[in-house]
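Beneath this line is the structure, given in structure tokens, with notes to follow.
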Amino acid sequence: MPKMIVSIDGVVIKEVQLTKDRTSLGRRPYNDIVIDNLAVSGEHAVLQMSGNEVYLEDLNSTNGTYVNGKAVKKQLLQNSDTVEIGKYKIKYVNEAASAGFEKTMVIKAGSAGLVPPAGPAAAAPAVAGAGASLSAAAIKVMSGAAAGREVALVKVVTTIGKPGVAVAAITKRPHGFVVAHVEGVDKPSLNGAPIGAEPVTLKNGDVLELAGTQMQFVQL
């Protein structure tokens, strides 16, 4: 069960289990999570739960809502993310989402099945299948619960992202790798610029962002 741990100056003041589809956060007493501080708007933000995923949405608050130091309007939370509102820090804890992260991030090309969770060393065989050689490139997860994981790009087409939110396809071509947006309401970005349906060539060190998760393209 996901939960929010509210603290100020390093002192935990409350823990709230997220049991509803919609959990409101703000200064007014009718909110589900009440933070009685003038830096917090009356109706500051809302947490929306869909399955095992929790989205944080700022409700046009006066002082803004931050996740890991970055101002956000709407963000998919990852396990251990820190939400900052005024001087308050709210840690998001969802260990179940952490365990299942790689299932949603890496999808086998040409099939509906998902690649099972695996460590960095095992990720390449899981995607490639038996007898496949290692690719000359990989995607390294830089943020979120699976930070540090690497997935070798051994298929002709590897899709990454979160179905229904933002999915991109990385295609292996003779001259290198290209990426394009294939599905989802949110467009993924490459080095901060939105990616469309037209393939864009990837360069070593390029940073992809999908559904709030940053990944780096690495040529081996």
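Note that this is a predicted model, so its numbers are computed, not measured.
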Which pair of non-hydrogen atoms, one from [X] and one from [Y], has the smallest distance, and what is that distance?
| X | Y | answer |
| --- | --- | --- |
| Asn79 | Asn94 | OD1-N, 2.7 Å |
| Lys187 | Ile195 | CD-O, 3.6 Å |
| Tyr88 | Asp36 | OH-O, 4.4 Å |
| Pro199 | Arg173 | CG-NH2, 3.8 Å |
| Asp81 | Leu76 | OD2-O, 4.3 Å |
| Arg27 | Val34 | O-CG1, 3.7 Å |

How would you list, by chain and number, every residue that makes a salt bridge (charged side-chain N to carboxylate O under 4.0 Å, His left out) with Lys87, sequence neighbours excluded? none
Those residues that, when tested against Lys91, pass salt bridge (charged side-chain N to carboxylate O under 4.0 Å, His left out) (two or more places apart): none
Between Ser41 and Thr62 (side chain of the first, backbone of the second, donor and acceptor by atom type, cut-off under 3.5 Å), is there such a pair? yes
So among Val54, Leu56, Thr82, which one has a side chain to side chain contact (heavy atoms under 4.5 Å, CB included) with Tyr92? Val54
I'd like to check Thr65 versus Leu25 (side-chain heavy atoms, cut-off strictly below 4.5 Å). Are they in contact? no
Polar contact flag, side-chain donor to acceptor under 3.5 angstrom, Gln78-Thr213: yes
